[in-house]
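The chains referred to below are lettered A, B, ... by the order of the sequence lines, with proteins before strands, and numbering in each begins at 1. Values reported hereafter were calculated over all heavy atoms of this structure, with side chains retained and with hydrogens, waters and symmetry mates removed.
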There are 4 protein chains.
Amino acid sequence: MSADRPLKVALFGSGRIGQVHARNILANPGLELVAIADPIIESAQALAEGTGAVAVTTADEVFAIDGLDAVIIGSPTNTHVDLISRAAANGVAALCEKPIDLDLDRVLACRDSLRGSETPLMLGFNRRFDPNFSAVQSRVSTGEIGKLEQLTIISRDPAPAPAAYIANSGGIFRDQSIHDLDMARFFVPDIIEVSATGSNLFCDYIEEAGDFDSVVITLRGRDGEQITIINSRHSAFGHDQRLEAFGSEGMLTAGNLTPTSVRKFTAAGAEEADPYLNFFLERYAEAYRSELGSFEAAVRTGTACSPGFDDGLQALLLANAAEESARSGRVVKIGQA
Amino acid sequence: MSADRPLKVALFGSGRIGQVHARNILANPGLELVAIADPIIESAQALAEGTGAVAVTTADEVFAIDGLDAVIIGSPTNTHVDLISRAAANGVAALCEKPIDLDLDRVLACRDSLRGSETPLMLGFNRRFDPNFSAVQSRVSTGEIGKLEQLTIISRDPAPAPAAYIANSGGIFRDQSIHDLDMARFFVPDIIEVSATGSNLFCDYIEEAGDFDSVVITLRGRDGEQITIINSRHSAFGHDQRLEAFGSEGMLTAGNLTPTSVRKFTAAGAEEADPYLNFFLERYAEAYRSELGSFEAAVRTGTACSPGFDDGLQALLLANAAEESARSGRVVKIGQA
Amino acid sequence: MSADRPLKVALFGSGRIGQVHARNILANPGLELVAIADPIIESAQALAEGTGAVAVTTADEVFAIDGLDAVIIGSPTNTHVDLISRAAANGVAALCEKPIDLDLDRVLACRDSLRGSETPLMLGFNRRFDPNFSAVQSRVSTGEIGKLEQLTIISRDPAPAPAAYIANSGGIFRDQSIHDLDMARFFVPDIIEVSATGSNLFCDYIEEAGDFDSVVITLRGRDGEQITIINSRHSAFGHDQRLEAFGSEGMLTAGNLTPTSVRKFTAAGAEEADPYLNFFLERYAEAYRSELGSFEAAVRTGTACSPGFDDGLQALLLANAAEESARSGRVVKIGQA
Amino acid sequence: MSADRPLKVALFGSGRIGQVHARNILANPGLELVAIADPIIESAQALAEGTGAVAVTTADEVFAIDGLDAVIIGSPTNTHVDLISRAAANGVAALCEKPIDLDLDRVLACRDSLRGSETPLMLGFNRRFDPNFSAVQSRVSTGEIGKLEQLTIISRDPAPAPAAYIANSGGIFRDQSIHDLDMARFFVPDIIEVSATGSNLFCDYIEEAGDFDSVVITLRGRDGEQITIINSRHSAFGHDQRLEAFGSEGMLTAGNLTPTSVRKFTAAGAEEADPYLNFFLERYAEAYRSELGSFEAAVRTGTACSPGFDDGLQALLLANAAEESARSGRVVKIGQA
């Protein structure tokens, strides 16, 4: 594929995440936003205005676009499998937001349907592209801290999603922890055991939905590596997104981000930083841009996307195992799906 | 007991920890070191020299001292139960290093023998007296971060103890993690569930001894609080001793300590601090002093020591439960012992 | 001026700073880059390629453009006065890089020629738009630390400019310190005294040019505020750009920036951050974008630009005073120019 | 002198600083506190109680003590010259608090009277013994950051001394800045130029006494090194005591100290440390202990004390020069006194 013309890209979904992708596509000279699809046409139109993209309501209209190179799938989770399949069938590259689906059987069926396809497909585990986390992963992989032994991931959202969202989220393991489970696999691809515990500490409607608001997950890698994930659905001090990689020769950590480098000193306390960036749209703004760039490069060069479909499947298997462990009080072994 | 004369204190054990206690007793004007007991008389004599204390080999000699107020038990673990019992029988206050014993039955028998005794007895969980951890605990208990929801304790030794020590240590859970299990109880006294996993990542002789070199423990408190303990028998960057208390209104953390506030800036990196204090003698120097002061105050005022015998028992129960969980792959419920 | 069409902007200069402005104009949907002027036409053409802008060699061609709204002047210093004057004469708004000119008489003559002109003119003291420094200035101005008493500005370049640049730079006070003198005025507009000292510590060709490589400047504001500026032409650890505002009720500081939040811990040291961002193009990338946005807003709304021509003049007066003080060993009083 | 018996030490002065020294002498097994002298006998008696020292009112009584090894002079400044002279005449080592005297002529006359004396005499510039500052100085002197180019010392007291103290203090340069001037000489012994400016920003009674409450001093070393000292008589956030050594290969800094390593994170701000240690008794507790140990070692080994008499003289000369510069608006050259 020629590098001398922009890729024609269509976007599914014009909600919060769709808007992020739309802005990044427009700011990327290698991409041309040709269509925005949303059943709520007013929403698609509002986002498309002034961008040169057409607003449509159906996937049929999108895949009928002449010379379409790629789609970005930011529509609701239950549309992902269908859109992934149609993109592959049409030979159109796809970048799909996580998760592939909440139902393992549908994911496995989708995998079967894709077998043999060489159309690029990237899963939207955007945190792999966060400059901080990716720097740690890269430095660990070059042996800077020797052999990785323990990985600690702390990930807390600023506030619980609304009750309606929670009800259809698939539960905290499949909705929130899945990002951290993928991050675990970014460092330690082969996970063989999952143990988890869940609590209801502060949110009534999450408890009423039969879900947890706080969980701790312990994973073990093939070589005995120990990975701990600590999640909460709220955090008074903003989006808490950190990790620590502890190895035989040292440790690398990635911390939270403040909007400025300003520090305050008063009689009440010293070195006070600004409150942390509040949520993922700010915290991972750079990660979304970098993810899009990686997707573009894979499409242009025809190399395999990373993370890909299998990463989405494996993260779902780990989330399911975590849920099973938290319910049963037993370690769950991970086999091959 | 009068405050206008120093308390007469005898010390069992003249090894590494005995030396710490000896120095702190000598520097404390409220305490008088009258005897040091060690079967290796040369060791006791060397430590006693110039201090005014007599060097002896047996407990009989110690408990025969006229007007003895207190003993500090820093001798090997298998002497603890006997010395605790004899101190109580003689009406002599005791500060005993952890653990009470590695064998639960002996600990329970000791507890029965102490029933009714009002002689002060303190367990040497010195980390409760670390100024950093105790400040966090105190501030959490006054509600500064709302309701405590998740506690994370990271505790790594600089290097594994020698093979001979490991063989008699009772295993990592009872030897190393027990400090962190007590720290968990310092924040959340009622623990109802324990889950743990252990790995062998770097030390052959620990593996050969059937022990782990790296463990992760997850606890749950009566109100659903989640506590995570991450341990390793080594750490390239010194004694890694941190905790984070996450609550509904915010978070308080206590970090590692550097010998100075110096930072270095070069082309290779910025803001580099000194290597961390290497091991517990330096890291907890202030904690040992403060512990001794607390013990003295309890003896003088006749108030109950904290932490006391039951704290030693509970920590052992949790360590046993963690071991059981790591071996069985199941959550272990904590009942009443 | 209507907000519903982009402003037509021409750029003078296609060097390092011109390239920064070109990228920022292209990324700003409110601006249209219509021309790039540079006597070295190949340079202008290379930068213009694919942008839709025409490449020209002369100012005549630029000011002949129909409907031109604004020019950005990033050409050599000795062209600034002429281009500012022509922009004003043509009713075209201008954003001019500092300094206006190295010669005070030419600056004063330019000021006279502009008298009565209402065409927007902004001086490119980009650091006022750095999010960190501007946050401190804004918080100081709202009284967050009481009355400002002492301001400390540390500003070191990573490495000396080449000898040829130094020879025509006007000297360290007018070339490097001038940014910090403007920053001083951003916090304390009325400066009444200047004292300075210069040293030659590491760079032979700077000494041979009769210039200093390291200077310290002390300023006094009308209300007695004390401002200290510390400059060096080199810094082993990257662009060192910090300030501290000390007030009656506390202190606010703004520190250096690292590319990531990663920290490293080894036996050699703890908490080591990445090397700092190396030079102004990275360090002030956001400041240049924000400056351009402020300029656009001023042009659209017709409000006065800040910083403006007088800020450029005052900074030059302070730089001249600093040079005089460093040469004479006397405090120099600042009058009205 | 034999190391196998404690040195007999007498203390002049039982005020704030005398109490610090008394505690440190008592805690040092190599020193025996034999007498405390103070014209206010009740004060001497109160401090001596229970220590074994006798309380006296006159120097005659002190120097009549048989076998006296050393005196520590913590009495008012105007007694220093006389006590230093008498100690030397009696062959008794002395550790004298700064300054030697506020009057240069008396200091010079004292120097003449000491010529030929080999009795150890140490000046109490305690900050040289601060573990943080001394680590930076030591690392700079071994070339860790190449050639030292710029040194920045920020030193602010928490609150102004009372008016009565200020009136007899000799002014901020001789009373407060003198510590920082000595610190400058600790890094750069040969200072050749002094420039200073003073302001009255917040304290009326300091202004009425003809003194400044805020000063900035710029020094130049023989090799062109630039040293900046920033002083204030108050600081809302506690004792502000920092320095930065900038060299050709990097930078070393020493920062303020907090009582614990605890950090707080809330919606209002992140990473907030405890308020800094409030004043010199806490901030320099370790420095006073270390200073005493260095003095003891010098007395025992007969080596020259550092800092010594000449360091006291040089610091006074610099303070006088700073005052002259602040009054005259001119750089003051430093010759040989």
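- Heavy atoms only, all atoms of each residue included: A:Asn256 and C:Ser261 are closest at O-CB, 4.3 Å.
- Here A:Arg139 contributes atom CZ and C:Lys264 contributes atom NZ; the two are 6.0 Å apart, rounded to the nearest 0.5 Å.
- In terms of heavy-atom pairs under 4.5 Å with chain C, the best-connected choice from A:Ile145, A:Thr260, A:Leu26, A:Val136 is A:Thr260.
- The CD atom of A:Glu249 sits 9.5 Å away from the OG1 atom of C:Thr266 when rounded to the nearest 0.5 Å.
- A 6.0 Å sphere centred on CD of C:Glu282 holds more than 12 heavy atoms belonging to other residues, nucleotides or ligands.
- Using a 4.5 Å cut-off between heavy atoms, C:Leu257 contacts chain A through its side chain alone, with no backbone atom that close.
- Residues C:Thr253 and A:Val262 form no side-chain contact, since every pair of their non-hydrogen atoms from C-beta on lies 4.5 Å or further apart.
- Proximity to chain A is limited to the side chain of C:Asp274, based on heavy atoms less than 4.5 angstrom apart.
- Separation of atoms CZ (C:Arg263) and CD (A:Glu244) is listed at 13.0 Å; rounding is to 0.5 Å.
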